[in-house]
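Everything quoted here is computed from the prediction, not taken from an experiment. One-based numbering along the sequence shown.
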Amino acid sequence: MKNLTASLFILSIALQSCITHQAQFEGTPFEKQLSTKAQFDQIANYLQDSSYTTGMLVLQNGKAIYEYGDLEQISYLASCRKSVLSMLYGKHVMNGTIDLKETIGRLGISEEDGLLEQELKATVDDIINSRSGVFHVAANGGYDKGNFLERGSVEPGKYFVYNNWDFNVAGHILEQKTGKSVYEELQEQLAIPLGFQDWNIKNQKKSGKKKNSQYLAYHMYLSTRDMAKIGQLMLQKGEWNGQQLISSAWIEKTTTAVTPSSVVSERYGTPNSRVMAYGYMWWLVESYKDNPIYKGAYTASGYGGQFITVIPKLDMVIVHKTKLDLLTLGGIRYKDFGDVQYWEIVDRVVKAME
């Protein structure tokens, strides 16, 4: 088993290096003001001993105060892609290109096996809150099928279930309305103006099984340091170098609860006393370990340890990456990283700053 694990590890590194294209442009690095606090040495020891972190970056006041691992390594964002898509919607909602009240029926959204008349009444707003009431399987896995209801059993907007069908359709709607791919929008709205250092649009690719759904998943592949710029833009309410890239009103809207914490807690519990609500594709922290510092914090969360967390009360952004191809290879799962582990790391960072 040990030799097999080592072989799979080497193979995954080789495959990753083959598919990664070099950066399109130089980009702009964060200014560094690295902390010398002993607590951060302890965090480094924890990361080495207790997790499978490949890259972690902590920003405060827009400066890098802690770095760990390979911040340039490009890897899969998992469901963090949804929070990024939420940001890309802002420009087009605010200028009227996308009407949140428009129904998916009017937009021509359908499937090979059809959608019910009631399902076609779901609005764009319902879709980007994952409250469409369309309990259709998605092209890709990783969604909450355990809380699906019978097709047609609830009206759109009345029931939250974390369904990749909704999220994938949201990507399709952006492309339909703008005439550009999600990746072109990502490049134009974020990668270029934020000065991504490791961006190449050729690294981006969709995936999924069309036999399940015609709407594929718009997976994203970014480095840790480029992800941090996304978090910093959110913290700055959409402003970057004197330009308002995303409306502050949109950011306020997307980080306001639509699905209350009571529903989220009923479904998923409150691990480590962490109480979360859900907004427009962002997870919202209502409380964590009874520490008021977390009030108003929010996070993009992706399977296996991919996170972009914003903590406004500390003027802080925390970005964390693992490499999913190192978590599961050849059907053998030999590493694991979950929300509980990540939030323990976050809490150690917060306590180091107190």
Option from Val258, Val263, Val264 for which side chain to side chain contact (heavy atoms under 4.5 Å, CB included) with Pro260 holds: Val263

Sole candidate of Leu88, Leu190, Val84, Leu85 that passes side chain to side chain contact (heavy atoms under 4.5 Å, CB included) when paired with Glu185: Leu88

Close side-chain approach of [X] and [Y], heavy atoms under 4.5 Å:
X      : Y      : value
Lys32  : Phe30  : no
Val169 : Asp166 : no
Gln39  : Arg348 : no
Thr299 : Trp343 : yes
Glu119 : Phe135 : no
Thr255 : Met234 : yes
Val137 : Trp165 : no
Ile345 : Tyr46  : yes

Flag if over 12 foreign heavy atoms under 6.0 Å of [atom1], [X]:
X      : atom1 : answer
Lys37  : NZ    : yes
Glu252 : CD    : no
Asn95  : CG    : yes
Arg151 : CZ    : yes

Are side-chain N/O atoms of [X] and [Y] paired as donor and acceptor at under 3.5 Å?
X      : Y      : result
Asn147 : Asp144 : yes
Asp125 : Tyr280 : yes
Gln236 : Gln232 : yes
His320 : Thr53  : yes
His136 : Asp113 : yes
Ser301 : Tyr342 : no
Gln187 : Gln24  : yes
Thr256 : Lys253 : no
Asn163 : Lys145 : no
Lys295 : Ser287 : no
Asn291 : Glu354 : yes

Determine, using the 4.5 Å side-chain heavy-atom cutoff (strictly less than), whether [X] and [Y] are members of one ILVMFWY cluster.
X      : Y      : value
Phe160 : Leu100 : yes
Leu34  : Val350 : no
Ile127 : Leu116 : no
Leu245 : Met87  : yes
Val161 : Trp282 : no

Shortest non-hydrogen contact from [X] to [Y]?
X      : Y      : value
Glu72  : Ser223 : O-CB, 3.5 Å
Thr254 : Ser86  : CG2-OG, 3.4 Å
Pro312 : Ala297 : CD-CA, 3.8 Å

Proximity of Tyr162 and Phe167 rings by center, below 6.0 Å: yes

Glu111 side-chain N/O to Gly114 backbone N/O, donor-acceptor pair under 3.5 Å: no

When rounded to the nearest 0.5 angstrom, what is the spacing between [atom1] in [X] and [atom2] in [Y]?
X      : Y      : atom1 : atom2 : value
Ser83  : Tyr298 : OG    : OH    : 10.5 Å
Leu57  : Ile308 : CG    : CD1   : 11.0 Å
Ile246 : Leu233 : CD1   : CG    : 4.5 Å
Gln244 : Ser247 : CD    : OG    : 6.5 Å
Arg81  : Gln306 : CZ    : CD    : 13.0 Å
Glu286 : Ser265 : CD    : OG    : 8.0 Å

From CA spacing to verdict: side chain to side chain contact (heavy atoms under 4.5 Å, CB included), Met316, Met353: CA-CA 10 Å; Met316 180 176 285; Met353 304 308 298; 3.6 Å; yes

Glu155 with Arg131: basic N within carboxylate O range, under 4.0 Å: no

Stepwise side chain to side chain contact (heavy atoms under 4.5 Å, CB included) test for Met227 and Leu77: CA-CA 9 Å; Met227 288 170 67; Leu77 263 62; 4.0 Å; yes

Aromatic Tyr159 / basic Arg267 pairing, under 6.0 angstrom, 45° off normal: yes

Cationic tip of Lys289 above Tyr294 ring, under 6.0 Å, 45° of axis: no

Ring pair (Phe, Tyr, Trp, His ring centres under 6.0 Å) between Trp283 and Tyr278, intermediate numbers included: CA-CA 5 Å; Trp283 294 98; Tyr278 196 67; 4.4 Å; yes

Aromatic plane relationship, Tyr68 with Tyr66 - under 30° parallel, 30 to 60° tilted, over 60° perpendicular: parallel

Derivation and outcome, side chain to side chain contact (heavy atoms under 4.5 Å, CB included), residues Gln189 and His92: CA-CA 11 Å; Gln189 289 199 49; His92 302 294; 3.5 Å; yes

